[in-house]
Colleague: 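Below you will find the structure I want to go over with you.
First listed ligand is number 1; within each ligand, the first listed atom is number 1. Keep in mind that what you see is a predicted model, and the values were worked out from it rather than measured.
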Amino acid sequence: MNILIIGGSGLVGGNLYRELQKQPFVQKLLATHISFPVPETVFLDPLVNMSPEISAAPWDVIVHTGALTHVDRCEQDKELSYALTVQSTLNLLQLAATSNALFVYLGTDYIFNGENGPYAEDDAVDPLSVYGLHKLEAETAVRQYKRHLVARITNVYGAEVRNKNFIAAMLQRLKQEERPEVKAPYDQYATPVNAADIARALVLLIRDGAEGVYHLGGTDYVSRTQLLQRINVYYNNRIHIQAVSTAALGQAAKRPLRGGLLSGRFMAAYPHFTFTNIDDYLKHT
Ligand SMILES: NC(=O)C1=CN([C@@H]2O[C@H](COP(=O)(O)OP(=O)(O)OC[C@H]3O[C@@H](n4cnc5c(N)ncnc54)[C@H](OP(=O)(O)O)[C@@H]3O)[C@@H](O)[C@H]2O)C=CC1
Ligand SMILES: Cc1cn([C@H]2C[C@H](O)[C@@H](COP(=O)(O)OP(=O)(O)O[C@H]3O[C@@H](C)C(=O)[C@@H](O)[C@H]3O)O2)c(=O)[nH]c1=O
C-alpha cells in the first residue's frame, strides 16, 4: 500500500508514521509538515498546492491529521480555523478522489456537547465551539466521500517532539520546576488515549480496509484534575494542583464537560486489542 500522512510532524501523525514504518503491507510511506519540519517529513500545505511528488503518486490511503488544534485560538480566529481544518480537508478529498484512495480522518469528541458522555459512534452531535463546529464540518465532508474512515479521538497523550499534549506539558514542567503550580478544571471529563494506541488501532483498520466511523477512547474516565493526581503518584506529589471549575478559567472556547468516547465498535471488530492506560504510560516516564 502507498500511504500519505498529512501532519507527520504532529502528535498523532508522528506516532502513526513510526507504526506504519514497521508494517510489511506498506510499500511507500510519506509524511508531511507545514511549519515544523522533522527528519521524516516533507513540506506540504494543502491550501497552497501539491508538489508533483504528492499529486502524481497513486495513493491507496491518505490520512489527514492536520487541523488547527489550539481550541481557544479557533474561537478567536474563525477564518484561520476554517482554512486549516475545513478547507484543507476539502482540498485533500480532491486529491484522494484522483486515485480512489481511502481517506482517513481524525475526529474529536468536541463535536458533542458534553452533557452525557462518554459517547458512542451514533450519538447526536452538538458542538459547543468553533473548533468543534469546524471539525464536524470537515468530518461531514469526509463522510460524503465514498471511501472514508473516521477515527474520533480525545485527550491524546504520548511521545511528542513539541510536548504540547496535557501530560507531556506537565512532565516538561516537572523537569523545569521543583513544585509546579497547575490550575486545572475538576469538571472536564474525558477518556485520554495514548497516541501509540491510536497508531496501532489505525494500522489494523487501514490494513483491513475498514470504513465508517470508529471511536478510539482510552479505558480511563478522568477529569483534568484527576489526570494531574495520577501524574503526582509517579512524581512524589510535586504538582501543586489548583482545582477550579471550567467556568472560572474564562477561556475563549466552551468545552464539553462530560466528554470522552466509547470504543464499542472498534472493540467488537478487534476484541483482542488492548488499550494501554495512563499508569502504563506514566510508569515508564
Ligand atoms: N491532540 C488531541 O488531543 C486530539 C486531536 N484530535 C484531532 O487529531 C488530529 C491530530 O491531532 P494532533 O496530532 O494532536 O495535532 P498536532 O497539532 O500535533 O499536529 C497537526 C499536524 O498537522 C499539520 N497541519 C496543521 N494544519 C494543517 C493543514 N491545514 N494542512 C496540513 N497539515 C496541517 C501540522 O503541521 P506543522 O505542525 O508542521 O505546522 C502537524 O504536523 C487533528 O485533526 C485533531 O483535530 C482530535 C481529538 C483530540
Ligand atoms: C494544559 C492546561 C489546560 N487547562 C485547561 C484547558 C482546558 O479547559 C482543559 C483541557 O485542556 P487540554 O489542553 O487537554 O484540552 P483542549 O485544548 O481543550 O484539548 C483538546 O484538544 C483538542 C485538539 C481535542 O480535539 C480535544 O479532544 C481535546 O483533547 O484544561 C488548564 O486549566 N491548565 C493547564 O495547564
Colleague: Is ligand 1 less than 4.0 angstrom away from at least one heavy atom of Tyr131?
Modeller: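 Distance cut 4.0 Å: Tyr131 passes for ligand 1.
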Colleague: Just which atoms of ligand 1 are under 4.0 Å from any heavy atom in Ile6?
Modeller: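 That gives atoms 31 (C), 32 (N) of ligand 1.
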Colleague: Centroid-to-centroid, Tyr157 to Tyr281, below 6.0 Å?
Modeller: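 Distance test on ring centres: under 6.0 Å, yes.
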Colleague: Just jot down the ligand 1 atoms closer than 4.0 angstrom to any heavy atom of Pro46, in number order.
Modeller: 30 (N), 31 (C)
Colleague: Here's one to test your reading of the geometry: is the NZ or CZ of Arg258 within 45 degrees of the ring axis of Tyr189 and under 6.0 Å from its centre?
Modeller: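 Here Arg258 passes the 6.0 Å and 45° test against Tyr189.
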Colleague: Provide the number and element of each atom of ligand 2 under 4.0 Å from a heavy atom of Thr154.
Modeller: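 Per the distance check, 27 (O).
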Colleague: Considering only heavy atoms of Thr108, which atoms of ligand 2 have at least one such atom less than 4.0 Å away?
Modeller: 24 (C), 25 (O), 26 (C), 27 (O)
Colleague: Checking contacts here: is it the side chain or the backbone of Asp45 that comes within 4.0 Å of ligand 1, counting heavy atoms only? Could be both or neither.
Modeller: neither
Colleague: Of the backbone atoms (N, CA, C, O) and the side-chain heavy atoms from C-beta on, which set of Leu249 has a member under 4.0 Å from an atom of ligand 2: side chain, backbone, both, or neither?
Modeller: side chain
Colleague: Heavy atoms only, cut-off 4.0 Å: how does Asp109 contact ligand 2, side chain, backbone, both, or neither?
Modeller: side chain
Colleague: For ligand 1, find out whether one of its N or O atoms is nearer than 3.5 Å to an N or O atom of Gly10.
Modeller: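 Yes: some nitrogen or oxygen of Gly10 is under 3.5 Å from one in ligand 1.
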Colleague: Any nitrogen or oxygen of Phe36 lying under 3.5 Å from a nitrogen or oxygen in ligand 1? Just yes or no.
Modeller: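 Checking ligand 1 against Phe36, an N or O pair does fall under 3.5 Å apart.
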Colleague: Between Asp220 and Arg230, is there a side-chain N and carboxylate O pair less than 4.0 Å apart?
Modeller: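 Yes, this pair counts.
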Colleague: Name the closest protein heavy atom to atom 9 (C) of ligand 2, giving the residue it belongs to and the distance to 0.1 Å.
Modeller: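 I find the closest protein heavy atom is Gln188 OE1, 3.4 Å.
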Colleague: Is His70 in contact with ligand 1, taking contact as a heavy-atom separation below 4.0 Å?
Modeller: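 No, that is not the case, since the closest heavy atom of the residue is not under 4.0 Å from the ligand.
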Colleague: For Ala184, is the nearest heavy atom under 4.0 Å from an atom of ligand 2?
Modeller: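 It does; at least one heavy atom falls under 4.0 Å.
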Colleague: For atom 19 (O) of ligand 2, find the nearest protein heavy atom and state the residue, atom name and distance (0.1 Å precision).
Modeller: Tyr110 OH, 3.6 Å
Colleague: Where's the contact between Ser35 and ligand 1, heavy-atom distance under 4.0 Å: side chain, backbone, both or neither?
Modeller: both
Colleague: Would you check whether Leu11 has a nitrogen or oxygen atom less than 3.5 angstrom from a nitrogen or oxygen atom of ligand 1?
Modeller: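 Yes, since at least one N or O of Leu11 sits under 3.5 Å from an N or O of ligand 1.
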Colleague: Report the member of Leu92, Thr69, Asn91, Thr85 with the shortest heavy-atom distance to atom 44 (C) of ligand 1.
Modeller: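 Answer by nearest heavy atom: Thr69.
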Colleague: Going by distance only, is there an N or O of His64 that falls short of 3.5 Å from an N or O of ligand 1?
Modeller: no
Colleague: Report the part of Ser9 (side chain from C-beta onward, or backbone N, CA, C, O) that has a heavy atom under 4.0 Å from ligand 1; answer both or neither where that applies.
Modeller: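 Both backbone and side chain.
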Colleague: Would you mind telling me which of Arg152, His148, His64, Lys135 makes a side chain to side chain donor-acceptor pair (under 3.5 Å) with Tyr105?
Modeller: Lys135
Colleague: Could you check whether any heavy atom of Thr246 sits closer than 4.0 Å to an atom of ligand 2, since that is the contact criterion I want to use?
Modeller: no
Colleague: To check your reading of the model: name the closest protein heavy atom to atom 35 (O) of ligand 2, its residue, and the distance in Å.
Modeller: Met170 CE, 3.3 Å
Colleague: With respect to Leu68, determine whether any N or O atom, backbone or side chain, lies less than 3.5 Å from an N or O atom of ligand 1.
Modeller: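 In this structure, Leu68 places no N or O atom under 3.5 Å from an N or O of ligand 1.
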Colleague: Taking distance alone, with no angle check, do Ile34 and ligand 1 share an N/O pair under 3.5 Å?
Modeller: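 Such a contact does occur with ligand 1.
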Colleague: Report whether Leu68 and Tyr131 are members of the same hydrophobic cluster (ILVMFWY, side-chain heavy atoms less than 4.5 Å apart, transitive linking).
Modeller: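 Leu68 does not cluster with Tyr131.
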Colleague: Any luck finding a side-chain donor-acceptor pair between Glu19 and Asn15 under 3.5 Å?
Modeller: no
Colleague: Would you say Asn165 contacts ligand 1, with heavy atoms under 4.0 Å as the rule?
Modeller: no
Colleague: Checking a contact table here: which protein heavy atom is nearest atom 31 (C) of ligand 2, and how many Å away?
Modeller: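 Nearest neighbour among protein heavy atoms for atom 31 (C) of ligand 2, to 0.1 Å: Lys183 O, 3.2 Å.
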Colleague: Any N/O of Thr65 closer than 3.5 Å to an N/O of ligand 1?
Modeller: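 Among all N and O atoms of Thr65, at least one is under 3.5 Å from an N or O of ligand 1.
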Colleague: Starting from atom 13 (O) of ligand 2, what is the nearest protein heavy atom, named by residue and atom, and what distance separates them?
Modeller: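 Sorting protein heavy atoms by distance from atom 13 (O) of ligand 2 puts Phe166 CD1, 4.4 Å first.
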Colleague: Quick one: does ligand 2 sit under 4.0 Å from the side chain of Asn165, the backbone, both or neither, non-hydrogen atoms only?
Modeller: neither
Colleague: Check whether Glu160 reaches the backbone of Lys164 with its side chain - one donor and one acceptor, N or O, closer than 3.5 Å.
Modeller: yes
Colleague: Is the NZ or CZ atom of Arg200 positioned over Phe273's six-membered ring, under 6.0 angstrom from the centre and within 45° of the axis?
Modeller: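 Verdict for Phe273: a cation-pi partner in Arg200.
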Colleague: Should one rank Thr89, Val12, Val193 by closest heavy-atom distance to atom 12 (P) of ligand 1, which comes out on top?
Modeller: Val12
Colleague: Can the positive tip of Arg147 be found less than 6.0 Å from the middle of the six-membered ring of Phe103, inside 45° of the ring normal?
Modeller: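 The answer is no; the distance or angle limit is not met.
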Colleague: Of the protein's non-hydrogen atoms, which lies at the shortest distance from atom 25 (O) of ligand 2, and what is that distance?
Modeller: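 Answer, as residue, atom name and distance: Tyr131 OH, 2.7 Å.
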Colleague: So which bit of Gln251 gets within less than 4.0 Å of ligand 2, heavy atoms only: side chain, backbone, both or neither?
Modeller: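 Within the 4.0 Å criterion, Gln251 contacts ligand 2 through side-chain atoms alone.
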Colleague: Looking at atom 29 (O) of ligand 2, what's its closest protein heavy atom, distance included?
Modeller: Asn155 N, 2.8 Å
Colleague: Who's closest to atom 5 (C) of ligand 2 heavy-atom-wise, of Pro185, Gly259, Pro256?
Modeller: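 It is Pro185 whose heavy atom sits nearest to atom 5 (C) of ligand 2.
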Colleague: Between Ile153 and ligand 1, which part of the residue brings a heavy atom under 4.0 Å of the ligand: side chain, backbone, both or neither?
Modeller: both
Colleague: Report the part of Lys164 (side chain from C-beta onward, or backbone N, CA, C, O) that has a heavy atom under 4.0 Å from ligand 1; answer both or neither where that applies.
Modeller: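 Only the side chain of Lys164 comes within reach of ligand 1.
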Colleague: Could you tell me whether some N/O pair between Ala83 and ligand 1 is separated by less than 3.5 angstrom?
Modeller: no
Colleague: Within the structure, is a non-hydrogen atom of Pro37 found at a distance of less than 4.0 Å from ligand 1?
Modeller: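 False for this residue.
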Colleague: Would you call Ile5 and Leu20 a side-chain contact if the rule is heavy atoms closer than 4.5 Å?
Modeller: yes
Colleague: How does Lys135 reach ligand 2, by side chain, by backbone, by both or by neither, if only non-hydrogen atoms under 4.0 Å count?
Modeller: neither
Colleague: Of all the non-hydrogen atoms in the protein, which one sits nearest to atom 14 (O) of ligand 2, and at what distance?
Modeller: Arg224 NE, 3.3 Å
Colleague: Look at atom 25 (C) of ligand 1 and find which of Gly14, Ala67, Gly7 reaches it with the closest heavy atom.
Modeller: Ala67
Colleague: Just go through Val156, Val38, Leu16 and tell me whose heavy atom is the nearest to atom 3 (O) of ligand 1.
Modeller: Val156
